[in-house]
Amino acid sequence: MSTRIYVPCDAAALAMGADVVARAIETQIAARRLDAEVVRNGSRGMFWLEPLVEVDTPKGRVGYGRVIPEAVEGMFDRNLIEGGAHPLCIGLTEEHPYLKKQERLTFARCGITDPLSIDDYKAHNGYRGLQRALNMSASGIVDEVLNSGLRGRGGAGFPTGIKWRTVLNTAADQKYIVCNADEGDSGTYADRMIMEGDPFVLIEGMTIAGIAVGATMGYIYIRSEYPHAVRTMRRAIEIARANGYLGTNVCGTGKSFDLDVRMGAGAYICGEETSLLESLEGKRGQIRPKPPLPAIQGLFGKPTVMNNVISLATVPIILDKGAEFYRDFGMGRSRGTLTIQLAGNIKYGGLVEKAFGITLREAIYDFGGGTATGRPLRAVQVGGPLGAYFPESLLDTPLDYEKFAELKGLVGHGGIVVFDDTVDLAKQARFAMEFCAIESCGKCTPCRVGSTRGVEVIDRIIANEDRTKNLELLDDLCELLLDGSLCALGGLTPYPVLSAVRYFPEDFSKPASLPVASLSAQEKQPWH
Amino acid sequence: MSVAQAWDADKARTRITELEGLPGALLPILHSLQEEFGYIDEAAIALIADALNISKAEVHGTISFYHDFRHSPPGRHTLKICRAESCQSMGCDKLISHVENRLGAKLGQTTEDGSFTAEQVFCLGLCALSPAVMLDGKPYGRVTADVADSLIDGARRRM
Ligand SMILES: Cc1cc2nc3c(=O)[nH]c(=O)nc-3n(C[C@H](O)[C@H](O)[C@H](O)COP(=O)(O)O)c2cc1C
Ligand code: SF4
Ligand code: FES
């Protein structure tokens, strides 16, 4: 059998030259007339090693990283094809401590299989969850998800089973499953990795959701910044359909479920579920007041399950292995695993799937190896642009929804952005306000106007004008945003702002500095 | 990825007809037109409004809500630079100043010779490899000033 050499097709691997490396390997295979083939897999999530080339050997998969095209010929000279020794060799990939220390449930296959091979998928336990679900009652499936303790991974942490139960119990001629793949938070890429690296797991999860609540159609709303994920998902859907896993007769049961991919258009707010629904309907992405809940009146006014990619991609393993298996991971009311994404100024950035309860320090140091620059860590922002900035003294906080809420922070989608000691938290606070102003949907005044006012106030603080008065004003503005916003964009922007002031007051009392340049507002030119 | 076919009402109509039957067809239509022409021509508004049986104001309002849709043709190459938090932590501000100087165009602008449009984005999902950019749809991570220069020069050579 010909030897398989894996070169990831994940966008982050491509961003480090994976396509060029793959071509160099193919050239060597041809020139040396070797019995080998290049397989494009997803990423293992060890991004500092990308492109991570792996060779299938009788001992297991031997990894080489970070491979540059110039190194390829030398690797073949040293018997790459049999996993030969080389300075870039990391040994057996599975034995790498970064992976070995993880609990990969949702990401069990990502980086191992060919994302578009449904045979690979099935050979690695794929579609077992659906098979089991097809032999259960609708209510039984929902109970399984409920009992697993799975909470939404998109940010709000709402129990997935409860949402499903509401949709199941709402009678309607049409129901929908919508996958939120807008992944707008800086520091996050888990959704992207799954869609590019294991798309069938998302398709399977959505199919199970459809069977459970009685929905026959699903949409995956993917942000336009993810063209590779859009392409892979579209192809995977066609393949699943051609193999009888989607369409009017799912697995020969006579049940219908089909999927379509829709692309966002660069609006952060469209990650909020009601805004996303408006956008899917072809409108401006303005927030809808709740109630009605999307579970009762969602897409086109019909009952709709809206879940994040990771929530849905976790459903197959829950159905396959049972609620108890999943619930046994985690702490307190945060059950199962969190897909942590190490980002920013970090030495070993990547995806770390661990049971809830691991501390920030363990994630950042035991896995991440500290800052990329080697300078002292000064701040971390967890949970995206609406998450708080924590100082080093809070690093022993365990990743747990409730613990973070107590500290007025967010676990959110699990992104951790690390900053070294060159960071200026006044500037970061200013950015939080500015981001809110740029991305506001415009529905409520505190958010639309208050955020712009916030930028001005922080500018005056930075310029050392009336600092005491302006800090009070900033406090008042934050209060207004917290209380007077319809959604969490306005409502949570105070988290990063106030945490910056609270934990890093020295950055708000420095000598006046030059004004921060405004983001070029990217004003659209008028029609002409 | 060279874009920017000249506006052509017939081509636009074909694209619209292909998609008008979809539920929630407006965004797919807008994306399709932008893929064809590189921007949404003002003349498209009436065509879309007609096809979907909605008001021109509604089409216009939707286009202007989303950051992606352009009102005028972009340069031959589009360079998107991430300026969200993770990339900030790795110095994207400096990278942006460097690129703006090199191109002689600010983010949101097109160079005078029409070769480049530089745009800001908030996160490309490459945050483990910040700072990140996307050139004509291709991702790049750990982008230093040197890397940016070679990307720009390379694209210029390809025209
Ligand atoms: C401003 C804003 C942006 C959001 N962006 C996302 C997003 O990109 N992806 C996501 O899954 N959820 C996002 N959410 C959360 C969604 O509103 C919603 O809670 C989620 O899609 C529900 O799915 P889950 O229960 O599986 O998490 C966002 C919320 C707000 C307020
Ligand atoms: S808080 Fe901001 S984004 Fe949210 S509904 Fe109000 S204006 Fe829109
Ligand atoms: S913040 Fe720049 S790629 Fe995510």
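Chain naming here is simple, since letters A, B, ... match the order of the sequence lines and numbering starts at 1 in each. These figures come from a predicted structure and were not determined experimentally.
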Chain A contact via B/P23 - side chain, backbone, both or neither, heavy atoms under 4.5 Å: both
Once rounded to the nearest 0.5 Å, what's the spacing between atom [atom1] of [X] and atom [atom2] of [Y]?
{"X": "B/L27", "Y": "A/E278", "atom1": "CG", "atom2": "CD", "result": "12.0 Å"}
{"X": "B/Q88", "Y": "A/D424", "atom1": "CD", "atom2": "CG", "result": "11.0 Å"}
{"X": "A/M263", "Y": "B/L30", "atom1": "CE", "atom2": "CG", "result": "11.0 Å"}
{"X": "A/I438", "Y": "B/F122", "atom1": "CD1", "atom2": "CZ", "result": "4.0 Å"}

Using non-hydrogen atoms and a 4.5 Å limit, figure out which bit of [X] sits close to chain B: side chain, backbone, both or neither.
{"X": "A/Y226", "result": "side chain"}
{"X": "A/Y348", "result": "neither"}
{"X": "A/T422", "result": "neither"}
{"X": "A/C441", "result": "both"}
{"X": "A/D185", "result": "backbone"}
{"X": "A/I269", "result": "side chain"}
{"X": "A/L280", "result": "backbone"}
{"X": "A/E183", "result": "neither"}
{"X": "A/A372", "result": "side chain"}
{"X": "A/Y268", "result": "neither"}

If we define contacts as heavy-atom pairs under 4.5 Å, which of [options] has the most with chain B?
{"options": "A/S279, A/A11, A/G344, A/G187", "value": "A/G344"}
{"options": "A/G349, A/S186, A/G17, A/G45", "value": "A/S186"}
{"options": "A/G264, A/A267, A/A432, A/G285", "value": "A/G285"}
{"options": "A/Q286, A/K283, A/Q341", "value": "A/K283"}

Please walk me through it: do A/E439 and B/H67 pass side chain to side chain contact (heavy atoms under 4.5 Å, CB included)? CA-CA 9 Å; A/E439 300 297 336; B/H67 300 304; 3.2 Å; yes
Identify the two heavy atoms, one from [X] and one from [Y], that lie closest to each other, and give their separation to 0.1 Å.
{"X": "A/H228", "Y": "B/P139", "value": "CE1-CD, 3.6 Å"}
{"X": "B/A128", "Y": "A/L342", "value": "CB-O, 3.8 Å"}
{"X": "A/P227", "Y": "B/G137", "value": "CG-O, 4.3 Å"}
{"X": "B/G125", "Y": "A/Y189", "value": "O-CB, 3.2 Å"}
{"X": "B/S86", "Y": "A/A343", "value": "OG-CB, 3.8 Å"}
{"X": "A/A12", "Y": "B/L129", "value": "O-CD1, 3.4 Å"}

Can you confirm whether B/D93 sits close enough to A/K427 that some side-chain heavy atom of one is under 4.5 Å from a side-chain heavy atom of the other? yes
Heavy-atom distance under 4.5 Å between the side chains of B/E85 and A/F435, does that happen here? no
Any donor-acceptor N/O pair, [X] side chain to [Y] backbone, under 3.5 Å:
{"X": "B/H31", "Y": "A/R262", "value": "no"}
{"X": "B/S89", "Y": "A/N345", "value": "yes"}
{"X": "A/R284", "Y": "B/G61", "value": "yes"}

Apply salt bridge (Lys or Arg N to Asp or Glu O under 4.0 Å) to B/D68 and A/R223, showing your working. CA-CA 11 Å; B/D68 274 3; A/R223 63 201 301 256; over 6 Å; no
Pair A/S224-B/Y66, side-chain donor/acceptor within less than 3.5 Å: no
